[in-house]
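Per chain, numbering begins at 1; letters A, B, ... match sequence-line order. These numbers were taken from a predicted model, which means no experiment stands behind them.
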Amino acid sequence: MHEVAIAQQMIEAVVETAGRHGGGHVRVARMLLGRLTCVDPESLTFAFEVACRGTCAQGCRLEIQRVPLVLRCRECGDEGQREQPVDPCPRCGARGGDVLQGREIRLTTLDVDDLLPAEGVA
Amino acid sequence: MTEVTIERDVLSDNDRAAAANRARFRAAGTYVLNLMSGPGAGKTTLLERTAERLRDRVRLGVIVGDIQTCRDADRIGRHGVRVHQVNTGGGCHLDARMVAAALGAMDPADFDVLIVENVGNLVCPAEFDLGEHDKAMILSVTEGADKPAKYPLMFHESRLMLLGKVDLLPHVDFDPEAAVADARALNPGLQVIRLSSRTGEGLDAWTDWLVGRWQAARQGE
């Protein structure tokens with residue numbers, strides 16, 4: 001449900017960034033989304049599509065790259081990908097671990113249309 | 001077409017607002033607790049009992065977040081503490097800007113301890129820093145022992161887990177040891193208090209914990 005709030009934060013950042021780079025239309029926005037976040041990618045895609053309406057990113061495609069959950073075992077220090085944050089360490093069997101990756105909610109790059117020279121700032 | 005680098009944490013605006021709140025709480029010497037749980041876990045009832053016990057010992061204030069209605073604030077306010085209601089207008093969590101706005105009505109300098117009762121939701125509130133000192137959560141035994149594994153983030157972020165409604169344990173299939181083991185696999189430092197607002201079990205331990213955290217904050221921990 002908080003995907004709407006997150007999409008609103010995203011569109012603010014997208015519009016501001018596009019404005020600083022000539023103000024062209026934004027075609028693609030790319031982001032990292034960690035597995036441990038409570039954000040549902042489908043809901044976020046829908047909320048972002050709605051948030052883009054009437055902005056320079058209307059119709060923009062959102063490309064979400066999922067970041068796997070990576071834990072460091074608190075007993076033996078083994079680092080690796082896990083399905084769930086309570087899963088046992090494959091080396092020593094201790095459950096859980098410190099989260100190294102998987103909390104990301106991060107915009108990375110945009111594809112922005114180049115303005116025609118006539119429209120550009122002289 | 002040009003590829004433009006943006007590299008920005010989406011919640012960075014919230015994090016900045018939270019940092020400003022945190023600075024304000026520290027300057028005022030006010031300890032702030034973000035209390036979270038799923039809907040119906042017993043946050044409001046616990047705060048009613050807390051207000052009765054602490055109102056003569058500490059200057060206690062409560063900021064209540066709800067999607068709609070002022071019922072929770074009315075309930076807590078009857079127990080002699082100052083309460084301010086924040087309606088999120090559909091939002092499923094409080095964010096740092098909503099708390100900053102509430103501080104217009106609840107000056108931190110007027111309180112020793114400020115408890116923020118978050119919107120009832122086991123998912124979203126854990127994602128948003130409010131500038132609090134600590135997060136605490138209630139897991140009531142009627143919700144099921146599988147919740148830490150299914151909704152890990154809140155258990156990961158909390159300093160204290162209150163195991164609520166333990167008076168109902170004889171009537172429900174809830175394995176407290178399993179729930180605590182899962183929660184501590186996520187967060188080994190998690191403190192746990194078994195609680196029943198109905199029988200009073202655990203209420204002294206809870207208020208002692210709260211006062212202890214306030215005193216630790218005052219000594220600059």
Verdict with reasoning, A:R103 to B:H156, per side-chain contact (heavy atoms from CB on, under 4.5 Å) | CA-CA 11 Å; A:R103 292 291 307 273; B:H156 184 265; 4.2 Å; yes
Distance col, row B:L11:CG vs A:I105:CD1, nearest 0.5 angstrom, shows 4.5 Å
Calculate, to the nearest 0.5 Å, the distance between atoms OG and CG belonging to B:S12 and A:L107 respectively.
-> 9.0 Å
When you check the gap from the basic side-chain N to the acidic O, do A:R27 and B:E3 get nearer than 4.0 Å?
-> no
Salt bridge check: are A:R30 and B:E7 linked by an N-O gap of less than 4.0 Å?
-> no
Do A:V86 and B:P152 touch side chain to side chain, with heavy atoms closer than 4.5 Å?
-> no
Please classify the contact between [X] and chain A as side chain, backbone, both or neither, with a heavy-atom cut-off of under 4.5 Å.
{"X": "B:F155", "value": "neither"}
{"X": "B:D95", "value": "neither"}
{"X": "B:E127", "value": "side chain"}

Which one of B:V123, B:D13, B:V10, B:T5 has the most heavy-atom pairs closer than 4.5 Å to chain A?
-> B:V10
I need the minimum non-hydrogen distance between [X] and [Y], along with the two atoms involved.
{"X": "A:V112", "Y": "B:V4", "answer": "CG2-CG2, 3.7 Å"}
{"X": "A:Q9", "Y": "B:N14", "answer": "OE1-N, 4.1 Å"}
{"X": "A:R74", "Y": "B:N187", "answer": "NH2-N, 4.2 Å"}
{"X": "A:C38", "Y": "B:L153", "answer": "SG-CD2, 3.6 Å"}
{"X": "A:R95", "Y": "B:A185", "answer": "CB-CB, 3.9 Å"}

Would you check, one step at a time, whether the test side-chain contact (heavy atoms from CB on, under 4.5 Å) holds for B:T2 with A:H21?
-> CA-CA 9 Å; B:T2 306; A:H21 289 85; over 6 Å; no
Near A:R66 CZ, under 6.0 Å, is it more than 12 heavy atoms from other residues, nucleotides or ligands?
-> yes
Side chain, backbone, both or neither: which part of A:E12 has a non-hydrogen atom closer than 4.5 Å to chain B?
-> side chain
Just by modelled atom types, is the B:M1 backbone N or O under 3.5 Å from a matching donor or acceptor in the A:D114 side chain?
-> yes
Going through the checks in order, is the side-chain contact (heavy atoms from CB on, under 4.5 Å) test met by B:R8 and A:M31?
-> CA-CA 9 Å; B:R8 187 186 306 189; A:M31 76 179 300; over 6 Å; no
